Amino acid sequence: MRAAVRAAWRIGTGAALRGRAGCPLSQAAGNGGGAESGGGGGSGSREAVERLVREHPVVVFMKGSPAQPLCGFSNAVVQILRLHGVEDYRAHDVLQDPDLRQGIKNYSNWPTIPQVYLNGEFVGGCDILLQMHQNGDLVEELKKLGIRSALLDAEKDQEKK
């Protein structure tokens, strides 16, 4: 797994910066992605990052938004959450705020984006979330948050056929 993390880190840090000034720092997935959260001065401070991480049971720091991810790894995280039917989560576009981008890396001691937090706890990046999806751990972690994975319903539908 260390090789996968190193490979993801190399690819993730080499991605070109994109984005438009003036876009909201935070977008909520689910309702069209239009909710903004405060992102004033000090957005990269430990306290500010702590508030963002704890503001919702599922928080993703990514490049772009759930409606328009700007890197393949961020897109993969959005797709995994979508597969599980997780639509109510907070997504923060780190390309809109360099202080937040560095602040979240410092906070987690993890060098790459995206980063996923469940109930305020750092889970990992795309590779970890994909592994959790593949081995079923994500279903269990979502259950702890009171979120029923849509994959459980899909399995029941398959059993009926």
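Reckoned from all heavy atoms, side chains included, excluding hydrogens, waters and symmetry mates. For clarity, every value in this text was computed on a predicted model and none was experimentally measured.
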Could you state the interatomic distance from [atom1] ([X]) to [atom2] ([Y]), rounded to the nearest 0.5 Å?
{"X": "L130", "Y": "Q134", "atom1": "CG", "atom2": "CD", "value": "4.0 Å"}
{"X": "D88", "Y": "I147", "atom1": "CG", "atom2": "CD1", "value": "7.5 Å"}
{"X": "L145", "Y": "E140", "atom1": "CG", "atom2": "CD", "value": "11.5 Å"}
{"X": "N75", "Y": "L70", "atom1": "CG", "atom2": "CG", "value": "10.0 Å"}
{"X": "Y107", "Y": "Q102", "atom1": "OH", "atom2": "CD", "value": "15.5 Å"}
{"X": "E121", "Y": "K144", "atom1": "CD", "atom2": "NZ", "value": "10.5 Å"}

L52/L100 under side chain to side chain contact (heavy atoms under 4.5 Å, CB included): CA gap, chis, key distance, verdict: CA-CA 10 Å; L52 294 176; L100 177 60; 3.7 Å; yes
Where is the tightest heavy-atom contact between [X] and [Y], given as atom of each residue plus distance?
{"X": "L138", "Y": "L129", "result": "CD1-CD1, 3.9 Å"}
{"X": "W110", "Y": "Q115", "result": "O-NE2, 3.2 Å"}
{"X": "G64", "Y": "L95", "result": "N-CD1, 4.2 Å"}
{"X": "I113", "Y": "F61", "result": "CG2-O, 3.5 Å"}
{"X": "A48", "Y": "G42", "result": "CB-O, 3.2 Å"}
{"X": "S74", "Y": "P69", "result": "C-CB, 4.2 Å"}

Mind checking whether [X] and [Y] have side chains closer than 4.5 Å, heavy atoms only?
{"X": "S65", "Y": "D93", "answer": "no"}
{"X": "I104", "Y": "Y117", "answer": "yes"}
{"X": "M62", "Y": "V94", "answer": "no"}
{"X": "Y89", "Y": "V116", "answer": "no"}
{"X": "R82", "Y": "I80", "answer": "no"}

From CA spacing to verdict: salt bridge (Lys or Arg N to Asp or Glu O under 4.0 Å), R54, E50: CA-CA 6 Å; R54 298 203 178 279; E50 178 85 20; 2.5 Å; yes
Candidate list R148, E141, H133, test side-chain hydrogen bond (donor to acceptor under 3.5 Å, both in side chains), partner H84, passing option: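 Among R148, E141, H133, the one meeting side-chain hydrogen bond (donor to acceptor under 3.5 Å, both in side chains) with H84 is H133.
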D97-H92 side chain donor-acceptor pair, cut-off 3.5 Å: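 On atom types as modelled, these side chains do not qualify, holding no pair under 3.5 Å.
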Residue N135 excluded, over 12 heavy atoms near CG under 6.0 Å: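 Yes, CG of N135 has more than 12 neighbouring heavy atoms, counting only those of other groups under 6.0 Å.
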Stepwise side chain to side chain contact (heavy atoms under 4.5 Å, CB included) check, M132 with V123: CA-CA 10 Å; M132 290 174 69; V123 171; 3.3 Å; yes
